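Heads up, the thing below is written out as structure tokens.
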There are 2 protein chains.
Amino acid sequence: MATGRGSGDENADAKRRRRRTGTEIKESLRELSVQLSLLNHRISAHFELRDIDFDCLEIIRRHEPISPGALARRVGLHAATMTGVLDRLERGGWIDRERDPVDRRAVVLRARRERNPEVFRLYAGMNTSMDELMADYTVDQLEAIADFLHRTTAAGRDATDNLSAP
Amino acid sequence: MATGRGSGDENADAKRRRRRTGTEIKESLRELSVQLSLLNHRISAHFELRDIDFDCLEIIRRHEPISPGALARRVGLHAATMTGVLDRLERGGWIDRERDPVDRRAVVLRARRERNPEVFRLYAGMNTSMDELMADYTVDQLEAIADFLHRTTAAGRDATDNLSAP
DNA sequence: AACATCTGCTACGGTTTCCGTAGTATCTGA
DNA sequence: TCAGATACTACGGAAACCGTAGCAGATGTT
């Protein structure tokens, strides 16, 4: 829920400001996306993983237990490619592969947490910077930002899914 | 410049709200990062490029003219890998490689714009969603968000650079 | 129940990518 | 002038990607 009153009643000047800021946000979002990908790349490389591996791990964390097939579909990877991703994650001790007791063809993936401190250490710099910069906003502003991030993520998910069909 | 008054004088309740929201923002940021990577993956695949290729193209766009070496350093790729990336981008008509007239060993990269409409079309869904969702915030909130995104990008860049040394 | 069909995952192998090394061209400094 | 540094690319072995096929097990039909 956005708490603002939106763009209902604004004068021409505010409307211009709104449009300019909107464009700026979309631009920044692309730049941020690239930058966070590069950070992810550095961290993945440190653990001898591919970029996509860490993304998959993140999704497993949030949706466990999940099957390799469901994960592959969500990520947009070929099932055979997913096998390789999971091999690396399993070899590194990031996940467990268990047989599904109900459907015995299937496998369920679970994230292991032992190595979280190693990851946390690499993210420590970013974490501190975020804490520092967030101190410059009011709580109301922070809540608007959190709301914005949630909704943008949902928009990204929809856009990604809609790109599968054509 | 953040316009909020920051966390100077807040009661215990507001402090708790602030901490909770801060954690939520950092969580959302990771989730957003993953989601935008997946979107990027789909779009890259559509053009028969690797994920990293589009990231490089974005950086070339923003920093042209730039040399392959400088780009490789910024992205954290091996120079030889960058040659492969640039081969794909050049073959697809995304960039031009020109000899640097000053330093004739060197090469300068420039982004071509002819294919922008194709990319724009794939981003259209995301673009529309963003416009819709941004309409729910006040201009002040949007400016705080834009500011936040800029500073978060800068934080990401610093964190990435600091991870190179060790 | 028996059978065909479908589904979930992984092995296999050809193609592509990755990246360490080396090579060429050019610049820089002594 | 020339030794060394620098910018990029070619080459080749190792790894990843992904289409196909294979196996195990679930599901549906008669």
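All chains are named by letter (A, B, ...) in the order of the sequence lines, taking the proteins before the strands, and each is independently numbered beginning at 1. Keep in mind the model is a prediction, meaning the values are calculated, not measured.
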Return yes if a side-chain donor-acceptor contact under 3.5 Å exists between B:Asn116 and B:Arg61, otherwise no.
yes
Roughly how many Å is it from CE in A:Met82 to C1' in D:dC17, rounded to a whole number?
12 Å
Nearest whole angstrom, please: distance from the C1' of D:dA7 to the CZ of B:Arg99.
9 Å
Rounded to whole Å, CG of A:Asp100 lies from P of C:dT10 at a distance of 13 Å
Just distance, no hydrogens or angles: give the donor-acceptor pairs under 3.5 Å from side chains in residues 76-87 of chain B, sequence neighbours left out.
| from | atom 1 | to | atom 2 | distance (Å) |
| --- | --- | --- | --- | --- |
| B:His78 | ND1 | B:Ala80 | N | 3.0 |
| B:Thr83 | OG1 | B:Ala79 | O | 3.4 |
| B:Asp87 | OD1 | B:Arg97 | NH2 | 2.3 |

Go along nucleotides 23-30 of chain C 5' to 3' and tag each nucleotide: B for a protein heavy atom under 4.0 Å from its base, S when only backbone or sugar atoms are that close, - otherwise.
--BBS---
Once base and sugar-phosphate atoms are separated, protein heavy atoms under 4.0 Å mark nucleotides 17-22 of chain C, 5' to 3', with B, S and - as SSBBB-
Using 4.0 Å as the upper bound for N to carboxylate O, is an ion pair formed by A:Glu143 and B:Arg17?
yes
Charged N-O contact under 4.0 Å between B:Lys26 and A:Asp131
yes
Residues A:Asp53, A:Arg50: salt bridge by 4.0 Å N-O rule
no
Criterion side chain to side chain contact (heavy atoms under 4.5 Å, CB included) on A:Ile25 and B:Leu149, from CA distance to verdict:
CA-CA 7 Å; A:Ile25 286 175; B:Leu149 293 176; 3.8 Å; yes
Does B:Arg105 come within less than 4.0 Å of B:Asp100, counting only side-chain N to carboxylate O?
no
Check ion pair A:Asp161-A:Arg74 (N to O, under 4.0 angstrom)
no
Atom CG of A:Asp87 to atom C1' of D:dC18: distance rounded to whole Å?
14 Å
Dot-bracket for DNA chain C, please. Rules: Watson-Crick or G-U, both distances under 3.5 Å, ( ) within the strand, [ ] when a pair crosses earlier ones, | for another strand, . otherwise.
||||||||||||||||||||||||||||||
Indicate yes or no: does B:Arg62 engage A:Glu27 in a salt bridge with an N to O separation below 4.0 Å.
yes
Between A:Arg88 and A:Phe47, is NZ or CZ placed under 6.0 angstrom from the six-membered ring centre and within 45° of the ring axis?
no
Under 4.0 Å, heavy atoms only, any strand: does A:Arg97 hit a base, just the sugar-phosphate, or nothing?
sugar-phosphate
Nearest 0.5 Å, what's the CZ-CD distance between B:Phe148 and B:Gln141?
14.0 Å
Does any N or O in the side chain of B:His41 come within less than 3.5 Å of the main-chain N or O of B:Ser37, such that one atom is a donor and the other an acceptor?
no
Expressed as a whole number of angstroms, how long is the span from B:Glu98:CD to D:dC8:C1'?
16 Å
Suppose the criterion is salt bridge (Lys or Arg N to Asp or Glu O under 4.0 Å): which pairs have a residue in residues 108-119 of chain A, not counting sequence neighbours?
A:Glu64-A:Arg113, A:Asp96-A:Arg112, A:Glu98-A:Arg110, A:Arg112-A:Glu114, A:Arg115-A:Glu118
Would you mind reading off the distance between A:Leu86 atom CG and D:dC17 atom C1', rounded to a whole angstrom?
14 Å
Within residues 59-76 of chain A, which residues have any heavy atom lying less than 4.0 Å from an atom of DNA chain C?
A:Ser67, A:Pro68, A:Gly69
